[in-house]
Amino acid sequence: MIKAKGYASLKAKAPLTPFSFERRDPKDHDVVIDIKFCGICHSDIHMVRDEWGFASPFPMVPGHEIAGVVRAVGPKVTKYKVGDHVGVGCMVDSCRECAHCEQDLENYCIPGNTGTYGAMERDGSAVTQGGYSDIIVVNEDFVLRIPDNLPLDKAAPLLCAGITTYSPLRHWNAGPGKKVGVLGLGGLGHMAVKIASAMGAHVVVLSHSEKKREDAKKLGAHEFVVTKDAEVLKQNGLSFDLIINTVSSADLDMASFFNLLKLDGTLVSVGAPDKPLTFHPFPLIMMRRNYAGSVIGSIKETQEMLDFCGKHNITSEIEVISPKQVNEAYERVLKSDIRYRFVLDMSQL
Ligand code: NAP
Ligand code: ZN
Ligand code: ZN
């Protein structure tokens with residue numbers, strides 16, 4: 001076994017504390033990765049606090065925005081070699097044989113993909129532990145290549161925030177001639193703005209306060225709308241092709257956002273609040289609008305997203321911190337007091 005150290009929550013809602021544990025020795029197709037940086041996703045907070053009621057096992061080492069360097073490879077690994085810059089996102093395995101896995105859609109694996117943390121390995125050998133740690137061992141099929149021109153700290157958030165927004169933007173054809181709304185300018189939202197504008201869409205940030213107006217422009221948004229202003233929302237009615245909802249809270253008047261969509265427009269929820277969203281279907285019924293969801297992206301699509309970001313030089317806006325500061329960082333994420341992603345520097349472990 002390989003000795004690992006990191007930060008874990010020992011039980012639901014407990015603060016994170018230093019934690020020692022073990023990783024498996026590499027099997028034939030495993031890649032051993034020295035973790036250099038790991039982003040803090042709002043999902044980590046939902047998971048550590050058990051806000052979704054998944055009853056995931058503790059101790060839990062969160063973290064699924066992992067960027068690092070290959071330390072060693074198993075004897076049958078063909079895709080990676082020692083020294084490569086690699087990433088690991090939200091899943092480390094899937095059943096590999098269901099109808100969705102066969103279509104390269106492991107994120108929608110029918111029996112369920114294996115989460116990077118808080119899940120049982122498919123052979124039942126161990127509970128997975130995530131990236132707030134110094135080392136990880138992952139099957140090569142679930143390892144991604146990070147383009148050489150992207151610095152590892154700023155690239156780490158692409159592994160969740162990047163792919164979670166890239167996938168619905170691609171699926172619902174964001175591009176030239178399309179007006180795309182990004183609801184919530186946080187970790188996911190700021191990536192959505194950068195990616196959608198690189199795709200050529202007309203991008204509008206829908207934010208709950210005035211505070212981020214200047215930032216939105218710098219990130220590449222063409223317009224900024226404060227969602228608390230009912231009159232401005234009304235003026236923007238029937239004009240959006242697509243809205244990506246990245247908000248982490250259920251405190252949203254969904255009707256006011258559905259009404260922004262054109263006939264046949266689509267609102268996609270990727271934000272996953274602790275409580276249900278409630279709405280009457282009339283705004284959907286009246287204009288044949290669509291309401292959809294989307295979870296991360298497949299491995300193939302994650303590589304496509306990383307290559308797209310490499311080509312367009314897209315990375316995350318980050319604040320690099322020591323793992324010791326993780327609990328403070330969680331409090332700041334909850335207050336939306338981060339522009340726009342915390343990234344843990346594992347050299348300070
Ligand atoms: P984040 O950085 O905290 O950003 C969330 C944003 O939502 C905030 O910046 C804020 O934007 C807005 N917001 C927060 N509280 C609000 C409130 N009470 N009312 C209105 N707006 C509010 O979080 P994140 O890491 O981007 O994650 C966002 C959500 O996506 C989380 O629920 C997370 O679990 C989920 N997620 C889903 C997937 C998936 O695969 N579907 C993957 C990753 C994450 P403004 O200040 O601009 O309003
Ligand atoms: Zn995430
Ligand atoms: Zn499957």
Side-chain angles (χ1 to χ4, degrees), residues 9 11-13 40-58 60 62 64 90-91 100 105 107-113 115-119 160-161 163-165 167-169 171-172 180-189 191-192 205-209 225-230 233-234 236-237 240 242-261 264-297 330-331 333-336:
S9 181
K11 60 178 193 316
K13 300 182 174 61
I40 295 180
C41 176
H42 204 121
S43 299
D44 299 341
I45 304 177
H46 293 306
M47 284 291 285
V48 161
R49 302 190 173 188
D50 198 21
E51 290 178 344
W52 292 327
F54 286 178
S56 303
F58 287 84
M60 178 187 289
H64 57 213
C90 301
M91 53 186 173
H100 298 173
L105 291 170
N107 48 324
Y108 299 109
C109 174
I110 294 168
N113 65 60
T116 300
Y117 62 87
C160 176
I163 184 57
T164 300
T165 50
S167 183
L169 288 167
H171 186 79
W172 279 278
V180 174
V182 175
L183 180 53
L185 191 62
L188 265 56
M191 292 313 311
V205 168
L206 304 161
S207 187
H208 79 296
S209 75
V225 169
V226 179
T227 56
K228 295 284 178 229
D229 190 335
L233 277 189
K234 221 172 182 180
N236 280 274
F240 286 75
L242 176 65
I243 296 174
I244 310 288
N245 171 16
T246 74
V247 175
S248 50
S249 155
D251 180 20
L252 293 175
D253 174 15
M254 293 303 286
S256 67
F257 304 120
F258 291 141
N259 283 330
L260 295 175
L261 296 169
D264 288 329
T266 301
L267 188 148
V268 186
S269 272
V270 291
D274 54 344
K275 296 191 186 70
L277 294 174
T278 50
F279 54 85
H280 195 283
F282 262 134
L284 300 174
I285 291 169
M286 298 313 282
M287 288 291 162
R288 202 168 59 188
R289 295 168 172 129
N290 308 294
Y291 180 51
S294 182
V295 73
I296 49 170
Y330 275 19
E331 293 306 321
V333 171
L334 292 171
K335 285 189 258 165
S336 292

With heavy-atom distances below 4.5 Å as the criterion, would you say the side chains of [X] and [Y] are in contact?
X    : Y    : result
T164 : S294 : no
L267 : M254 : yes
H42  : V333 : yes
R289 : I243 : no
S56  : M47  : yes
L242 : L169 : yes
N259 : L233 : no
W52  : S43  : yes

With sequence neighbours left out, write down each residue that passes side chain to side chain contact (heavy atoms under 4.5 Å, CB included) with [X], or none if nothing qualifies.
X    : result
T116 : H64, I66, V88, V92, I136
T227 : L183, L206, H208, F257
D50  : A12

Measure the spacing between [atom1] of [X] and [atom2] of [Y] and express it to the nearest 0.5 Å.
X    : Y    : atom1 : atom2 : answer
C41  : H46  : SG    : NE2   : 7.5 Å
T266 : H171 : OG1   : NE2   : 9.0 Å
I244 : T165 : CD1   : OG1   : 8.0 Å
C160 : L188 : SG    : CG    : 6.0 Å
L261 : Y291 : CG    : OH    : 11.5 Å
F258 : N290 : CZ    : CG    : 10.0 Å

- Do D44 and Y330 have a side chain donor and acceptor closer than 3.5 Å?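 Side-chain D/A pair, D44 to Y330: absent.
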- Item | Donor-acceptor contact present, side-chain N107 to main-chain V295, <3.5 Å |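 Checking the backbone N and O of V295 against the side chain of N107, a donor-acceptor pair under 3.5 Å is found.
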- Item | Test side chain to side chain donor-acceptor pair (under 3.5 Å) applied to D229 - qualifying residues, sequence neighbours left out |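 D229: no side chain to side chain donor-acceptor pair (under 3.5 Å) contacts found.
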- Could you name each residue pair satisfying side-chain hydrogen bond (donor to acceptor under 3.5 Å, both in side chains) that touches residues 275-287, not counting sequence neighbours?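 Passing the test, one end in residues 275-287: no pairs.
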- Item | Closest heavy-atom pair and its distance - S167, I296 |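 Answer, listing the atom of S167 first, then I296: CB-O, 3.3 Å.
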- Message: So which atom in V247 and which in G184 form the shortest heavy-atom distance, rounded to 0.1 Å?
- Response: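 In this case the closest contact between V247 and G184 is CG2-CA, 3.9 Å.
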- Residue pairs fulfilling salt bridge (Lys or Arg N to Asp or Glu O under 4.0 Å) with at least one residue in residues 249-258, sequence neighbours excluded: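 Residue pairs with at least one partner in residues 249-258: there are none.
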